[in-house]
Amino acid sequence: AKAAAELAASVELALRVAVEQIPISSLLEADPVRIPARAFLIAGDNEDNDYEPLVFNPASRPEAPLPSWISINPDTGQISMTRRPTASELSSQLRIDCDLFAAEGVVGRASVGIVAQKFAGSAAPWLNATASSAEKYTHSALERGVWVGLHRHFEAVYDFGQHRARQEVRLGAWLEVMTRILRLLRSASGANLELGIPTR
C-alpha cells in the first residue's frame, strides 16, 4: 500500500505539471483534453476523496475573466476552443483556475495553463513528466499483481525498451492514461488490491 501511495503521488505531480502548459494545438486534436480532476482533489480527513467531481466551474475573477474563445465543459472538464485566439489574446499564457464541486461542495481547485507555443517531440511537458513516474514504477516495491496490472497502462505512454516516453502520444490521450493509472494506484493503496492475480 505504501509503494502504491508513493507512486500515486509521483503520477499526480506529473499530471499537474502536464497541464501547466497546454498548447492550443492540443485543443484542436481528436483526443479531448480534460482537466485531470483526481490530481487536484483535496484529501479529506480519511483521505478517501478519490472520485470524479460532479461539476467543473471556472473560478470567477473580475481582473481575469475566462476569455470568450475558450470553454470548459461543466460535466466532463473538457477544455475546448470556440475559436482560435489572436496573438494579442494569447501573447504568453492563459491561467485558468477551476473549482471542482461534489455533493458536499468544493472538493478541489484545478489550475491549468494554455499557451500558444507548440512543443516539438520530447520537449512536450507531458512527455518530460512521463519518464520519472515510469522509472519509479519500474523500481517500485508494488505487489506483483498491481505491478503487472499497471504495466500495460504505462506501456501506452512509455517505451520501456528505449527508456523514453512515446513521443507520438498526444496530450489528451496521455491525460486519459495517466489519470487511469492514478485511479488504480489510489485504489491499490487504499484497499491493498492485487491487480491481475486470479482468486480461487
Side-chain angles (χ1 to χ4, degrees), residues 11-42 49-133 153 156-158 165-183:
V11 172
E12 178 182 308
L13 177 61
L15 284 163
R16 287 173 176 252
V17 168
V19 296
E20 286 179 354
Q21 298 183 75
I22 299 174
I24 57 172
S25 58
S26 291
L27 303 181
L28 299 172
E29 294 171 347
D31 297 303
V33 175
R34 298 187 178 94
I35 295 173
R38 275 187 167 83
F40 295 95
L41 292 177
I42 301 170
N49 257 16
D50 186 30
Y51 47 79
E52 286 296 323
L54 299 176
V55 177
F56 294 78
N57 184 38
S60 179
R61 293 184 298 167
E63 72 280 8
L66 193 67
S68 60
W69 54 266
I70 199 162
S71 66
I72 296 178
N73 186 300
D75 299 319
T76 66
Q78 180 176 342
I79 305 172
S80 305
M81 284 195 302
T82 57
R83 62 174 174 81
R84 184 179 285 275
T86 64
S88 61
E89 288 176 318
L90 188 60
S91 57
S92 56
Q93 182 185 57
L94 170 65
R95 175 64 56 184
I96 302 174
D97 293 324
C98 186
D99 288 328
L100 310 175
F101 284 86
E104 64 269 34
V106 177
V107 292
R109 171 172 283 196
S111 182
V112 302
I114 311 296
V115 297
Q117 178 182 358
K118 186 173 183 178
F119 300 101
S122 60
W126 59 94
L127 297 182
N128 284 328
T130 306
S132 176
S133 293
H153 298 295
V157 295
Y158 189 77
R166 297 188 184 279
Q167 297 187 20
E168 70 276 12
V169 179
R170 296 174 175 176
L171 176 59
W174 184 91
L175 287 170
E176 181 178 353
V177 171
M178 294 298 280
T179 298
R180 188 182 309 126
I181 289 172
L182 178 59
R183 182 174 67 248

From CZ (Arg170) to CG (Leu127), nearest 0.5 Å: 12.5 Å
Is any side-chain heavy atom of Trp69 closer than 4.5 Å to one of Leu94? yes
For Lys118 and Ser25, the nearest pair of non-hydrogen atoms, with its separation, is CG-OG, 3.8 Å
Could you walk me through whether Val106 and Phe101 satisfy the side-chain contact (heavy atoms from CB on, under 4.5 Å) test, starting with their C-alpha distance in whole Å, then the side-chain angles of each, then the deciding distance to 0.1 Å, before giving a yes or no? CA-CA 4 Å; Val106 177; Phe101 284 86; 3.3 Å; yes
Could you check if a side-chain atom of Gln78 sits within less than 4.5 angstrom of a side-chain atom of Phe56, using non-hydrogen atoms only? no
Measure the spacing between OG of Ser133 and CE of Met178 and express it to the nearest 0.5 Å. 4.5 Å
For a quick test of reading the model, state the closest non-hydrogen atom pair linking Ala39 to Glu12 and the distance between them. O-CG, 3.5 Å
Taking C-beta and beyond as the side chain, do Leu28 and Arg84 meet within less than 4.5 Å on heavy atoms? yes
Decide yes or no on side-chain contact (heavy atoms from CB on, under 4.5 Å) for Ile79 and Ile22, but give the supporting numbers first. CA-CA 10 Å; Ile79 305 172; Ile22 299 174; 3.9 Å; yes
Side-chain donor or acceptor of Thr82 paired with backbone N/O of Ser68 under 3.5 Å: yes
Strictly below 4.0 Å, N to O, side chains only: are Arg16 and Glu20 in salt-bridge contact? no
Given the rule in the side-chain contact (heavy atoms from CB on, under 4.5 Å) test, do Trp174 and Thr130 qualify, once you have shown the distances and angles that lead to the verdict? CA-CA 9 Å; Trp174 184 91; Thr130 306; 2.7 Å; yes
Between the CD1 atom in Ile114 and the CG atom in Leu27, the distance rounded to the nearest 0.5 Å is 5.5 Å
Short side-chain donor-acceptor distance under 3.5 Å, Thr86 and Glu89: yes
In Å and rounded to the nearest 0.5 Å, what is the CD1 to CD1 distance from Ile70 to Ile96? 4.0 Å
Shortest non-hydrogen separation from Pro53 to Val107 and the atoms involved: CB-CG2, 4.5 Å
State, yes or no, whether a side-chain contact exists between Arg109 and Asp97 at a heavy-atom distance under 4.5 Å. yes
Going by heavy atoms in the side chains, are Gln117 and Pro23 under 4.5 Å from each other? no
Of all heavy-atom pairs between Val19 and Pro36, which one has the smallest distance, and what is that distance? CG1-CD, 3.8 Å
Would you mind reporting whether Ile35 and Cys98 have side-chain heavy atoms less than 4.5 Å apart? yes
Nearest 0.5 angstrom please: Phe40 CZ to Leu15 CG, how far? 8.0 Å
Side chains of Arg38 and Thr179: is there a donor and an acceptor less than 3.5 Å apart? no
Minimum heavy-atom distance between Leu54 and Ala103, given as atom pair plus value: CD1-N, 3.7 Å
Separation between CH2 (Trp126) and OG (Ser26), nearest 0.5 Å, reads 4.0 Å
Considering all heavy atoms of both residues, which atom of His153 and which atom of Ile181 are nearest to each other, and what is their separation? CB-CG1, 3.6 Å
Between Asp31 and Glu176, does a side-chain contact (heavy atoms from CB on, under 4.5 Å) hold up when you go through it step by step? CA-CA 9 Å; Asp31 297 303; Glu176 181 178 353; 5.9 Å; no
